[in-house]
Amino acid sequence: MTNPSYENLMTADIGRMYWAATKALPDQADLISAVAKSLAAGLDTLNVQAALAGDSPALTGALSIGGDVHAVLRTAVTSLNNAAQAVLATAADYARTDDEAREDLHRLGLRLPSVADPAPASAGPALPDLAAPGATTDIDILGIHLEDVQVGTTPDPTDVDYEQGQQMDGPDLPATPRPGAH
Amino acid sequence: MAFDSYAFSETLDEIEKLLGYLMGNERAFLYLRSARSELIQTTEELPSEVEGMGLYYLAIYEVDNDYRFPCPDGSYAVKPVWSDGEYSSPLRFPVFRPTDEDGAKAAQDAFFTTLKTNANLAYQQGVSWSAGIADYCRSVCAQFTEVSPETIADALVDLQRNALGKLHPQNNSDWATIEHVSNFWTGEGASAFASFYDNFNSMLGRCYTFTCDVVAAFGMLAMLTHGAQVGAQKFAESVRDNLKTQLAEWVRQESRPADPPTEPPWVADFTKIFGSAWAVVGDLPVVGVVKEQVDKFVGTVTDVSQLVTDIADVSGHKFGETRADVKLEGAEQIYTGLTDTLYSTYYEGYRSGLTQLLSGNPHADPPTDPNAALPFSIDQALRDLAQLKGAHQWSPGEVTHAGSMTEPGDDY
């Protein structure tokens with residue numbers, strides 16, 4: 001059986017459902033999955049740099065925005081995966097219960113897969129709270145891969161005045177020797 | 001000019017060392033001057049018959065021509081000859097003329113030996129005084145010297161290419177060609193699917209514009225950091241060079257220089273740094289109503305590319321220079337000028353930039369059009385996001401149902 005063309009699929013509702021479930025929605029899921037992955041990688045790097053910069057509110061605020069965007073994209077990947085499966089199941093329902101749908105399937109030469117095809121895209125892991133102080137990241141040093149390395153927040157300079165100059169009041173000058181007199 | 005954190009740290013170590021030498025000179029010289037004054041006063045009070053024993057004046061170099069302050073770096077070791085700068089009267093001490101008695105000569109030798117030992121001790125006090133200054137300066141600068149603008153720029157280029165560059169909304173709002181069909185579904189999950197599908201493009205638009213905010217924020221961080229780093233490095237180098245000049249002058253004048261050559265140190269112009277940082281985000285399509293107008297954000301991709309290009313070229317940005325109104329004469333003034341400038345001009349200037357990033361450019365003109373996008377700031381972006389969440393417009397909803405969405409009776 002050869003796959004019908006896009007134009008042919010668009011001639012019937014069940015063809016549209018087939019195209020949405022096996023092409024449009026999975027493609028979008030793959031795309032958003034890739035975007036979420038890139039965003040996660042970028043935010044991981046920026047989280048480390050923000051920690052090194054002292055985790056000022058402007059930076060942790062920006063990171064929390066990035067974390068919120070990532071969460072939405074991650075949810076979108078799962079939703080797109082579920083949507084593809086749901087549209088497929090809906091098409092199968094029509095094929096089972098509706099004569100016209102069955103005829104369209106036959107005309108288009110389509111056989112509906114029973115499970116999602118292609119396989120669902122990965123939503124990837126959730127990100128930690130990026131607005132929290134410090135960062136945890138993986139690093140490669142000289143070919144060695146280290147996981148979950150903690151990067152602390154660079155502290156503010158010491159709040160105590162550094163009164164180095166006052167040390168001059170400390171040790172007295174040495175005593176003056178007496179000139180040699182016989 | 002690229003920032004070299006290793007070189008910067010080494011420059012601070014060098015400043016600590018040279019500042020110790022300078023303070024050592026000042027302490028040892030102060031000791032000799034004080035000792036001479038005390039001795040002159042003492043001898044003036046001596047009975048005339050003692051003076052008749054042969055009181056006269058002798059300088060250290062006349063006893064030991066090789067004596068120098070004990071600087072570990074021989075090129076900065078000072079021979080104390082003059083009492084008050086070059087070609088003033090020699091720095092002489094009242095002593096009693098040794099006659100033919102060995103004892104008198106031995107006493108004079110002992111006097112000068114003690115004098116030199118004490119001057120060395122005073123010098124070492126000065127050297128010890130500067131210990132810890134480099135570490136303190138490093139801690140003041142750490143929040144901008146630990147950061148890598150190049151790493152940030154690389155991350156932003158990747159975000160632009162692999163995230164923003166792909167977050168295009170579909171040209172067709174019915175991008176999966178399913179809108180017409182799905183209108184007939186009334187089963188489980190049908191309304192959640194419809195809501196998700198209808199709002200999908202808007203979701204992409206919001207993700208795009210809010211990711212732009214993140215890129216802009218870290219772009220500003222890269223620019224600010226680069227400006228602070230390069231400025232602090234040039235400032236530290238100018239302080240170090242000033243110290244070298246003054247130490248060389250001590251050696252040349254064989255005394256405390258009467259008028260030490262100083263040059264006002266280089267400092268970065270933070271006003272210009274802020275200006276450059278704001279300029280790179282100036283064209284961003286930010287916030288306010290724009291976030292709700294998905295159709296507008298497509299046209300902004302080019303601007304973001306330019307922003308990222310500008311940021312990626314952080315090392316090429318020149319922020320101008322200015323001269324600090326800081327006196328660099330003598331060890332304590334140099335110490336104060338160094339630490340105050342690093343703290344007030346650099347650290348606080350850098351933090352001020354981050355505060356501006358949070359609250360917005362204080363020099364931006366308020367928009368005259370009430371419908372215009374609001375100026376960029378992280379606070380504003382956070383407010384926009386909270387508003388969208390409050391109105392349940394932030395997320396396009398979620399499709400959790402993966403089964404059929406039809407009910408018996410739904411039309412095909």
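Each chain gets a letter, A, B and so on, in the order its sequence line appears, and its residues count up from 1.
- Contact count versus chain A (heavy atoms, under 4.5 Å) is highest, among B/Ala35, B/Ala331, B/Ser359, for B/Ala35.
- Within the 4.5 angstrom heavy-atom criterion, atoms from both the backbone and the side chain of B/Glu398 approach chain A.
- For B/Asp174, no part lies under 4.5 angstrom from a heavy atom of chain A.
- Only the side chain of B/Tyr350 comes within contact range of chain A, judged by heavy atoms closer than 4.5 Å.
- Proximity to chain A involves both the backbone and the side chain of B/Leu382, based on heavy atoms less than 4.5 angstrom apart.
- A/Ser79 places a side-chain N or O within donor-acceptor distance of the main-chain N or O of B/Val399, the cut-off being under 3.5 Å.
- Of the two parts of A/Thr153, neither the backbone nor the side chain holds a non-hydrogen atom closer than 4.5 Å to a non-hydrogen atom of chain B.
- In this structure, B/Tyr347 contributes its side chain and A/Asp156 its backbone to no donor-acceptor pair below 3.5 Å.
- In this structure, the portions of B/Leu115 lying under 4.5 Å from any heavy atom of chain A include both its backbone and its side chain.
- Heavy atoms closer than 4.5 Å to chain A are found in both the backbone and the side chain of B/Ala122.
- Formation of a donor-acceptor pair under 3.5 Å by the A/Gln49 side chain with backbone atoms of B/Thr151 is not found in this model.
- Remark: side-chain polar atoms of A/Thr90 are paired, donor with acceptor, to backbone N or O of B/Met405 under 3.5 angstrom.
- The distance from atom SG of B/Cys207 to atom CD1 of A/Ile32, rounded to the nearest 0.5 Å, is 7.5 Å.
- Heavy atoms closer than 4.5 Å to chain B are found in the side chain of A/Tyr6, but not in its backbone.
- When the candidates B/Thr177, B/Leu221, B/Asp410 are compared by the number of heavy-atom contacts under 4.5 Å with chain A, B/Thr177 comes out ahead.
- Heavy-atom distances place both the backbone and the side chain of B/Leu354 under 4.5 Å from chain A.
- Between A/Leu46 and B/Ile152 there is a side-chain heavy-atom pair separated by less than 4.5 Å.
- Looking at A/Asp68, both its backbone and its side chain come within 4.5 Å of chain B, counting heavy atoms on both sides.
- Using modelled atom types, no side-chain atom of B/Tyr412 and backbone atom of A/Ala95 make a donor-acceptor pair closer than 3.5 Å.
- In this structure, the side chains of A/Asp98 and B/Asp411 stay at 4.5 Å or more apart for every pair of heavy atoms.
- The distance from atom CD1 of A/Ile65 to atom OG1 of B/Thr211, rounded to the nearest 0.5 Å, is 9.5 Å.
- A donor-acceptor pair under 3.5 Å is absent between the side-chain atoms of B/Glu146 and the main chain of A/Ala53, judged by distance alone.
- Contact of B/Asp109 with chain A is not made at all, since no heavy-atom distance falls under 4.5 Å.
- Looking at B/Arg351, the atoms closer than 4.5 Å to chain A (heavy atoms on both sides) all sit in the side chain, from C-beta outward.
- Of the residues considered (B/Asp379, B/Val181, B/Leu357, B/Thr355), B/Val181 shows the highest number of contacts with chain A, using heavy-atom pairs under 4.5 Å.
- Of the two parts of A/Leu80, the backbone and the side chain both hold a non-hydrogen atom closer than 4.5 Å to a non-hydrogen atom of chain B.
- With a 4.5 Å cut-off on non-hydrogen atoms, B/Phe144 does not touch chain A at all.
- Residue contact with chain B, scored on non-hydrogen atoms closer than 4.5 Å, involves the backbone and the side chain of A/Val87 alike.
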